[in-house]
Amino acid sequence: MSPLKINTNGGYALISIALLATITIGSCKSGKNIQRSETKSNSFIEIAFLSFDIYEKADEELTVDLTNLNWVEGKIKEHHNQITGLSKDTDLDLEFLDGKKNKVKTVFVQNPLNPTLEYFSENGKISKKSVRLEKASFSMRTMLPRNVKYIRINYIDGNEISLIKLE
């Protein structure tokens, strides 16, 4: 006995065809059904993916270069800007500024030139060691409004290292 019984007046066949058509049309529907209620403007918040190179010049002055910036629509779940563990004066804060150089957002970053490495010592215990690098790269992602025009990079104690203009 077949699971679908077709009678002579076509009642089951008609229901089956209608159900099959509904499923087929529903499965062909585009997954891009997202509409933005606000128009894209300078203040629209997006995800910014940023890559930097940081190095020390001969006079022990730091230089930071923005090597890549990509804007992507969307939202990320951001954690609160915790400065736990960022107690060294050599750690950095990145201030994102608008066109008038007003602070929009600050993000704290451990100085990539002063990483703390964990390793297994000879007795099998985990140990930590701070090292000093001459050059390093670091990347980050954060939610930013499109009206951000500058990034000011400071030591955590407030001494400015670099001011980068975004293009």
Side-chain angles (χ1 to χ4, degrees), residues 26-121 124-167:
S27 66
C28 292
K29 190 174 183 181
S30 172
K32 292 198 173 197
N33 196 14
I34 301 170
Q35 294 181 351
R36 192 183 291 172
S37 61
E38 52 188 309
T39 60
K40 194 161 193 155
S41 69
N42 284 344
S43 63
F44 187 80
I45 295 180
E46 295 182 278
I47 302 171
F49 290 89
L50 304 113
S51 299
F52 299 92
D53 283 339
I54 183 169
Y55 54 94
E56 192 173 320
K57 293 181 180 178
D59 58 358
E60 295 186 12
E61 186 176 316
L62 287 185
T63 300
V64 181
D65 296 324
L66 178 66
T67 57
N68 196 14
L69 169 63
N70 289 318
W71 294 96
V72 180
E73 287 184 30
K75 292 184 178 182
I76 56 175
K77 183 177 180 180
E78 292 210 60
H79 302 287
H80 295 288
N81 207 0
Q82 299 173 354
I83 58 172
T84 307
L86 296 178
S87 59
K88 295 185 262 180
D89 289 341
T90 58
D91 289 333
L92 310 175
D93 72 52
L94 284 69
E95 296 177 347
F96 296 92
L97 312 172
D98 64 12
K100 296 179 181 179
K101 297 186 181 174
N102 296 318
K103 192 183 313 183
V104 176
K105 182 176 184 174
T106 302
V107 176
F108 298 95
V109 177
Q110 182 181 14
N111 188 336
L113 294 177
N114 300 326
T116 301
L117 305 176
E118 292 183 349
Y119 65 96
F120 286 102
S121 63
K125 294 185 178 182
I126 295 178
S127 298
K128 291 182 181 184
K129 180 179 182 180
S130 294
V131 295
R132 178 74 179 157
L133 304 175
E134 292 178 12
K135 182 177 182 177
S137 297
F138 67 100
S139 299
M140 63 177 303
R141 70 177 183 166
T142 188
M143 296 288 294
L144 289 176
R146 274 293 205 149
N147 68 345
V148 169
K149 301 295 180 196
Y150 298 93
I151 303 172
R152 180 183 303 137
I153 302 172
N154 306 312
Y155 286 112
I156 209 163
D157 66 4
N159 290 328
E160 186 174 319
I161 297 170
S162 185
L163 180 67
I164 299 170
K165 182 175 172 132
L166 303 180
E167 308 212 11

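Heads up: numbering here begins at 1 and tracks the sequence. Worth knowing before you read on, the calculation uses all heavy atoms, side chains too, and leaves out hydrogens, waters and symmetry mates.
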Quiz item: Can you list the steps and then say if Met143 with Glu46 is a side chain to side chain contact (heavy atoms under 4.5 Å, CB included)?
Solution: CA-CA 6 Å; Met143 296 288 294; Glu46 295 182 278; over 6 Å; no

Quiz item: Step by step, would you call Ser51 with Thr67 a side chain to side chain donor-acceptor pair (under 3.5 Å)?
Solution: CA-CA 5 Å; Ser51 299; Thr67 57; 4.6 Å; no

Quiz prompt | Intermediate values then yes/no, side chain to side chain contact (heavy atoms under 4.5 Å, CB included), Thr63 and Ile54 | solution = CA-CA 6 Å; Thr63 300; Ile54 183 169; over 6 Å; no

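Taking CD1 of Ile45 as the start and CD1 of Ile76 as the end, the distance is 11.0 Å to the nearest 0.5 Å. Rounded to the nearest 0.5 angstrom, Asn159 CG and Leu92 CG are separated by 11.5 Å. With rounding to the nearest 0.5 Å, the separation of NZ in Lys149 from NZ in Lys101 is 13.5 Å. Rounding to the nearest 0.5 Å places OH of Tyr150 at 9.5 Å from CG of Leu166.
No side-chain N or O of Asn111 forms a donor-acceptor pair with one of Asp91 less than 3.5 Å apart.
Here the closest heavy-atom approach between residue Met140 and residue Val107 is recorded as CE-CG1, 3.5 Å. The nearest pair of heavy atoms linking Val104 to Asp98 is CG2-N, 3.7 Å. Here the closest heavy-atom approach between residue Pro112 and residue Phe138 is recorded as CG-CD2, 3.2 Å. In terms of heavy-atom proximity, Ala48 sits nearest to Trp71 at CB-CZ3, 3.9 Å. Between Thr116 and Ser130, the shortest heavy-atom contact is OG1-OG, 3.6 Å.
If you run side-chain contact (heavy atoms from CB on, under 4.5 Å) between Leu50 and each of Asn68, Asn70, Ile164, Thr142, only Thr142 comes through. Across Leu69, Ile151, Asp65, a single residue satisfies side-chain contact (heavy atoms from CB on, under 4.5 Å) together with Phe52, and that is Ile151. Between Leu163 and the options Asn154, Leu97, Ile153, a side-chain contact (heavy atoms from CB on, under 4.5 Å) holds for only Leu97.
Listed by chain and number, the residues in a salt bridge (Lys or Arg N to Asp or Glu O under 4.0 Å) with Lys103 are Glu95 (sequence neighbours excluded). Residues satisfying the salt bridge (Lys or Arg N to Asp or Glu O under 4.0 Å) criterion with Glu61, sequence neighbours excluded, are absent altogether.
For residues 48-58, the pairs satisfying salt bridge (Lys or Arg N to Asp or Glu O under 4.0 Å) are Glu56-Arg132, with sequence neighbours left out.
Judged by distance alone, with hydrogens and angles left aside, the side-chain atoms of Lys105 form no donor-acceptor pair with the main-chain N or O of Val148 at under 3.5 Å.
Remark: Tyr119 OH is packed, more than 12 non-hydrogen atoms of other residues, nucleotides or ligands lying under 6.0 Å away. The environment of CD in Glu134 is sparse: at most 12 heavy-atom neighbours from other residues, nucleotides or ligands sit within 6.0 Å.
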